[in-house]
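Every heavy atom of this structure was used, including side-chain atoms; hydrogens, water molecules and symmetry mates were not. Keep in mind the model is a prediction, meaning the values are calculated, not measured. Ligands are counted one by one from 1 in listed order, and the atoms in each one are counted from 1 as well. Counting begins at 1 with the first residue of the sequence.
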Amino acid sequence: MEFYEVIRTRHSVRRFSHRPVEEEKLQRILNAARLAPSARNAQEWRFIVVRDSGRRAALMEAARGQAHVAEAPLIITACAEHDGRTMTCGQLAYPVDVAIAVDHLTLAARAEGLGSCWICRFDERRAKEALNVPRGDQVRIVTLVPIGYPAAAAVPEKLRLPLESIVRSEHW
Ligand SMILES: Cc1cc2nc3c(=O)[nH]c(=O)nc-3n(C[C@H](O)[C@H](O)[C@H](O)COP(=O)(O)O)c2cc1C
């Protein structure tokens, strides 16, 4: 799929078919995340691939019962193993770095004909328990990403602000 077509058609998928995701596709998607840029090339991202139905159900519970979390045949749990570093600009590095990697991942999924959905409405403590992630602050779960073949092919209309309202020229 052409690059801008991938960008234009990626959308949040909340209904999945039961068709399993091929291992080669999964590896290509994870590799797309691995190639993301990160501040100081720190690469704090760690990914847990969850296929087990019991663990998927536990993650769905942690995600306040969002059914699409468990419906997908696999969930990529994007974590950060980080040192809490703040960049010179004042922003924490790890959420920015992990978000870029996850964006690579969701776009790669789309290019492979797969659907995905960012999930941040979840209880981190419960999600950590489900996957034996260390409790301390050094490892955080940033987002859960259910991935699978979409149940429907239709691409919904993108609801986005027009460029004129988000882009300024030269100054605020
Ligand atoms: C950081 C982040 C957190 C999100 N959390 C959830 C979530 O918990 N559950 C959900 O169904 N969608 C979630 N979404 C999906 C957004 O609702 C969706 O991206 C947005 O409405 C734009 O729609 P689109 O992805 O179809 O273009 C999240 C998206 C992002 C980027």
Side-chain angles (χ1 to χ4, degrees), residues 1-18 21 29-30 32-33 35-39 43-50 53 55-82 87 89-131 133 137 139-167:
M1 200 184 282
E2 192 266 330
F3 179 71
Y4 286 103
E5 178 74 0
V6 173
I7 300 257
R8 198 181 58 75
T9 59
R10 185 226 46 90
H11 61 282
S12 295
V13 170
R14 299 187 177 88
R15 293 305 313 270
F16 294 94
S17 85
H18 296 300
V21 173
I29 291 167
L30 290 168
L35 295 175
S38 59
Q43 305 168 68
E44 312 95 321
W45 44 67
R46 306 287 180 266
F47 302 102
I48 307 174
V49 178
V50 179
S53 60
R55 288 205 180 91
R56 287 189 286 125
L59 289 178
M60 179 192 71
E61 291 304 324
R64 308 271 196 259
Q66 297 184 77
H68 47 299
V69 173
E71 192 177 65
L74 66 90
I75 302 167
I76 297 179
T77 303
C79 307
E81 188 172 15
H82 69 99
M87 298 180 282
C89 65
Q91 304 285 352
L92 267 175
Y94 82 83
V96 176
D97 293 340
V98 174
I100 298 167
V102 172
D103 202 47
H104 276 209
L105 191 143
T106 58
L107 291 173
R110 174 66 193 162
E112 296 286 355
L114 295 161
S116 66
C117 189
W118 281 75
I119 302 289
C120 288
R121 186 153 57 90
F122 69 92
D123 178 326
E124 191 191 17
R125 187 187 54 78
R126 292 178 69 179
K128 278 187 161 187
E129 266 171 28
L131 305 182
V133 175
D137 203 40
V139 184
R140 300 293 307 269
I141 300 179
V142 177
T143 186
L144 313 174
V145 188
I147 293 188
Y149 284 92
V155 174
E157 186 201 347
K158 281 243 178 280
L159 303 171
R160 294 296 190 268
L161 297 169
L163 267 186
E164 309 81 77
S165 69
I166 59 168
V167 179

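Considering backbone and side-chain atoms alike, Cys117 places every N or O at 3.5 Å or more from each N or O of ligand 1. At least one N or O atom of Arg10 sits closer than 3.5 Å to an N or O atom of ligand 1.
Protein heavy atom nearest atom 6 (C) of ligand 1, with residue, atom name and distance: Trp118 O, 3.0 Å. Remark: minimum distance from atom 5 (N) of ligand 1 to any protein heavy atom is reached at Cys120 N, 3.2 Å. With hydrogens left out, the protein atom closest to atom 9 (N) of ligand 1 is Gln66 OE1, 2.7 Å, a heavy atom. The protein atom (non-hydrogen) at minimum distance from atom 8 (O) of ligand 1 is Arg121 N, 3.0 Å. In terms of protein heavy-atom proximity, atom 19 (O) of ligand 1 is nearest to Ser12 OG, 3.3 Å.
Residue Lys158 approaches ligand 1 through these ligand atoms, each under 4.0 Å from one of its heavy atoms: 27 (O). Atoms of ligand 1 lying under 4.0 Å from at least one heavy atom of His11, given by number and element, are 26 (O).
In this structure, Glu2 places its CD atom where more than 12 heavy-atom neighbours from other residues, nucleotides or ligands lie under 6.0 Å away.
Of the possible donor and acceptor atoms, one in the side chain of Glu124 sits under 3.5 Å from a partner among the backbone N and O of Ile141. At distances below 3.5 Å, not a single donor-acceptor pair connects side-chain atoms of Asp97 with backbone N or O atoms of Trp45. Checked by atom type and distance alone, the side chain of His68 never pairs as donor or acceptor with a backbone atom of Ser116 at under 3.5 Å.
In summary, Arg126 and Glu129 do not engage in a salt bridge, as defined by a charged side-chain N under 4.0 Å from a carboxylate O.
Heavy-atom minimum distance, Val139 versus Glu81: CG2-CG, 4.1 Å. Shown here for Ile75 and Val69, the closest heavy-atom pair between the two residues is CD1-O, 3.2 Å.
When the heavy atoms of Arg64, Arg160, His68, Arg14 are ranked by distance to atom 16 (C) of ligand 1, first place goes to Arg14.
Within 4.0 Å of atom 21 (O) of ligand 1, not a single protein heavy atom is present.
Judged by distance alone, the side chains of Thr106 and Arg10 never bring a donor and an acceptor atom under 3.5 Å apart.
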